[in-house]
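Below: the structure, in structure tokens.
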Amino acid sequence: MTDQQKITILYCRLSNEDKLEGESNSIQNQRELLTKYAQDHGYTNLKILVDDGYTGTNFQRPGVQEGFELVKQGLVGCWLCKDLSRFGRDYLTVGQYTDIIFPSYDVRFIAVNDGVDSQRGDGEGFAAIRNLFNEWYPRDTSKKVRISLHQRGTSGKHLGKPPYGYRCDPNDKDKWILDEEAAPVVKRIFDLCIDGKGPEQISRILERDQVLTTKALYASRKGKPFQNPDDGRINPSSGFWNGRNTPAAPVISRPTPSPTS
């Protein structure tokens, strides 16, 4: 296979954390940048591989693994990515591929925005430093997130959405107040469970009284019709508790009597 016939891989990656940084790292932005670069530099036989929602701290990603298989088969002539962090954030593994594996298969590696080109060499000599920074970045972000959650917890603030039976105070999103519609249902389920009723019996009682399920209640508040989860059809009655499809009931701890009592 000639160099002109070999595949030029345009690799795009975006993790869930990267999405917070805005449009500059979006898959669409990467795709357009790499496509233009390939066309401007005469690359043909383009193949776009995308890993959307995958972390760069490891290489267990479907898109990158597909590309590696093509490399091993000798079908790839060039691997393009927007920058080194898009390829990966594991310093040692990134270096292993860019400095050892790709050259051994005669694959040219280019990180466009970082000015890294394996054929010309890293003229600025900063590739190793960038790789170290790219590996450090997610660790630092994770540490900051943990610190932020810890601070919220120690200050008495909730760390998630309110459970069924509570709702956010419209005047203070960090404060939970009783949900006047849902709280009586929670108390009723608790009382029925204390009385010895099982999950199916409780659900049938709520179905008989046409009590809305959690999802149906929240949907009604937003003015959205509730869809039947089985077929997706809009059915007013599908939002009620159903004894034939019993959700989890609260587990009440009861003391176990001693055999000698």
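We count residues from 1, following the sequence as given. Owing to the predicted nature of the structure, the values given are computational and were not obtained by experimental measurement.
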Distance check, rounded to the nearest 0.5 Å: [X] atom [atom1] versus [Y] atom [atom2]?
X	Y	atom1	atom2	result
C78	R108	SG	CZ	6.0 Å
T8	I48	OG1	CD1	11.5 Å
N58	D90	CG	CG	8.0 Å
I205	K197	CD1	NZ	5.5 Å
L46	I7	CG	CD1	10.5 Å
L49	C81	CG	SG	12.0 Å

query: Between Y105 and W79, does the ring centre distance come in under 6.0 Å?
result: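 Not close enough - the centres of the two rings lie 6.0 Å or further apart.
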field: Within the 6.0 Å centroid threshold, strictly below: Y97 and F68
entry: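 When the ring centroids of Y97 and F68 are compared, they turn out to be within the sub-6.0 Å range.
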If we only count heavy atoms from C-beta on, is the [X] to [Y] side-chain gap below 4.5 Å?
X	Y	answer
I101	Q96	yes
V112	D83	no
L75	E69	no
D117	F109	no
F102	V76	no
V116	I110	no
L217	V185	no
S118	D99	no

- request: Indicate yes or no for a side-chain donor-acceptor contact from D51 to the backbone of Y54 under 3.5 Å, with no hydrogens or angles considered.
  value: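 Side chain of D51 to backbone of Y54, a donor-acceptor pair under 3.5 Å: no, none is there.
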- prompt: Has the side chain of D169 got a donor or acceptor atom that lies under 3.5 Å from a matching backbone atom of N171?
  reply: yes
Closest contact, heavy atoms only, [X] versus [Y]:
X	Y	answer
A183	L178	CB-CD2, 4.1 Å
Q30	C12	OE1-CA, 3.3 Å
E180	P184	O-CD, 3.3 Å
S15	T55	CB-CA, 4.0 Å

Residues K187 and D191 bridged, charged N to O under 4.0 Å: no
message: Could you check whether K175 pairs with D172 (Lys NZ or Arg NE/NH1/NH2 to Asp/Glu carboxylate O, under 4.0 Å)?
response: no
- request: Show your reasoning for whether side chain to side chain contact (heavy atoms under 4.5 Å, CB included) applies to V50 and L14.
  value: CA-CA 8 Å; V50 176; L14 188 71; over 6 Å; no
- prompt: Can L10 and Y37 be said to form a side chain to side chain contact (heavy atoms under 4.5 Å, CB included), step by step?
  reply: CA-CA 10 Å; L10 312 184; Y37 182 92; over 6 Å; no
message: Looking only at side-chain N and O atoms, does N29 offer a donor or acceptor that is under 3.5 Å from a partner on S26?
response: no
message: Between Q28 and E32, do the side chains contain a donor N or O and an acceptor N or O under 3.5 Å apart?
response: yes
message: Could you tell me if R13 sits above the aromatic ring of Y11, with its cationic atom closer than 6.0 Å to the ring centre and no more than 45 degrees from the axis?
response: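 No cation-pi geometry.
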message: Students often mix this up, so state it plainly: with edges at 30° and 60°, are the rings of Y166 and W176 parallel, tilted or perpendicular?
response: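 Plane angle between 30° and 60°, so tilted.
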field: Stepwise salt bridge (Lys or Arg N to Asp or Glu O under 4.0 Å) check, K47 with E66
entry: CA-CA 11 Å; K47 183 176 182 62; E66 181 182 349; 3.5 Å; yes
field: R188 vs I202, side chain to side chain contact (heavy atoms under 4.5 Å, CB included): CA-CA, chis, key distance, verdict
entry: CA-CA 9 Å; R188 186 180 183 189; I202 294 174; over 6 Å; no
